[in-house]
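Just so we're on the same page: letters track the sequence lines, and every chain starts at 1.
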Number of protein chains: 2
Amino acid sequence: MSEEVTAEACPLVEVLDHVAGKWSISILVAAARGPVRFTELERSIEGISRRMLTLNLRKLERDGLLTRTVHPTVPPKVEYDLTAMARELYSSLTGLMEWAERHRGAITRARAAYDATASAEPSGQPSPQPVH
Amino acid sequence: MSEEVTAEACPLVEVLDHVAGKWSISILVAAARGPVRFTELERSIEGISRRMLTLNLRKLERDGLLTRTVHPTVPPKVEYDLTAMARELYSSLTGLMEWAERHRGAITRARAAYDATASAEPSGQPSPQPVH
DNA sequence: CGGTATCCATAAGGATACTG
DNA sequence: CAGTATCCTTATGGATACCG
């Protein structure tokens with residue numbers, strides 16, 4: 001019975017592996033507006049480095065979530081777009097977004113409460129600095 | 001217009017941050033069967049180290065996704081369970097699981113195709129060893 | 001323009017001995 | 001039983017120079 005737990009979680013773990021990492025989702029969202037060029041992505045995803053953008057684009061392309069079209073012009077023009085599969089994924093993610101929005105406040109409060117009791121227990125007074 | 005992309009992805013990135021990492025989902029799945037003890041979790045999640053289990057349990061508890069109940073007996077007995085919020089999350093994840101199952105084959109094929117062309121391009125013959 | 005290559009810092013994760 | 005502490009290895013990510 002025990003191993004079934006792992007088995008049950010497996011497809012989920014799989015999908016999250018494709019989509020995990022700091023940037024994949026942002027890239028998917030950014031690329032969802034139709035064909036987008038490399039530099040557009042670089043600009044629209046705040047804080048991403050060129051290296052990470054490239055790495056994640058390749059990963060998503062490899063998983064069949066993104067198409068990469070090279071126009072052999074000079075200067076080169078490369079366009080990325082979501083595949084049908086990725087668009088489906090994107091709409092599944094909507095449920096998650098709704099969950100996040102519904103519970104965002106609750107999570108923040110839960111953390112505050114947790115940090116408060118955690119830092120209050122060891123000493124007499126609760127230490128003012130948040131754990132992290 | 002560009003910054004809106006980040007804003008749009010943000011709640012999603014947030015939720016995935018809570019749930020990201022190699023183990024969180026497996027823990028959530030394992031803990032979903034009602035109150036579960038530490039050692040049960042350790043056994044049912046194959047490959048997890050004690051350290052990682054503890055770290056992830058604390059993180060999930062802090063986010064308000066898991067309750068931790070200590071029975072002050074000897075030997076100690078600690079039980080973990082999902083909160084209502086986490087159960088909701090869990091059902092939202094169902095959509096993702098379905099997506100993963102529908103497209104699992106397609107993803108595998110996409111990868112194989114990608115790896116094939118990628119290793120075929122540089123040399124004349126496609127190298128037999130898969131990239132990774 | 002659209003990347004690669006390189007170097008470096010930090011974080012995540014594993015193994016496992018020890019403890020109340 | 002349910003952890004914590006410690007040590008170590010690997011993976012992730014950032015900055016940026018360089019190239020076709």
message: Would A/Glu79 and A/Arg68 count as a salt bridge (Lys or Arg N to Asp or Glu O under 4.0 Å) here? Give the steps.
response: CA-CA 6 Å; A/Glu79 289 184 318; A/Arg68 175 172 178 272; over 6 Å; no
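B/Ile27 places its CD1 atom 12 Å from the P atom of D/dG3, with the value rounded to the nearest Å.
Contact record, A/Glu40 with A/Arg33: OE1-NH2, 3.9 Å, taken as the closest heavy-atom pair. Nearest heavy-atom pair, B/Arg87 versus B/Asp81, reported as atom, atom and distance to 0.1 Å: NH2-OD1, 2.8 Å.
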query: Which letter, B, S or -, goes with each nucleotide of nucleotides 1-16 of chain C from 5' to 3', with contact meaning a protein heavy atom under 4.0 Å?
result: BBBB-B------BBB-
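Take B/Arg37 and apply the salt bridge (charged side-chain N to carboxylate O under 4.0 Å, His left out) test, not counting sequence neighbours, and it matches no residue.
With no hydrogens or angles considered, a side-chain donor-acceptor pair links A/Asn56 and A/Ser24 at under 3.5 Å.
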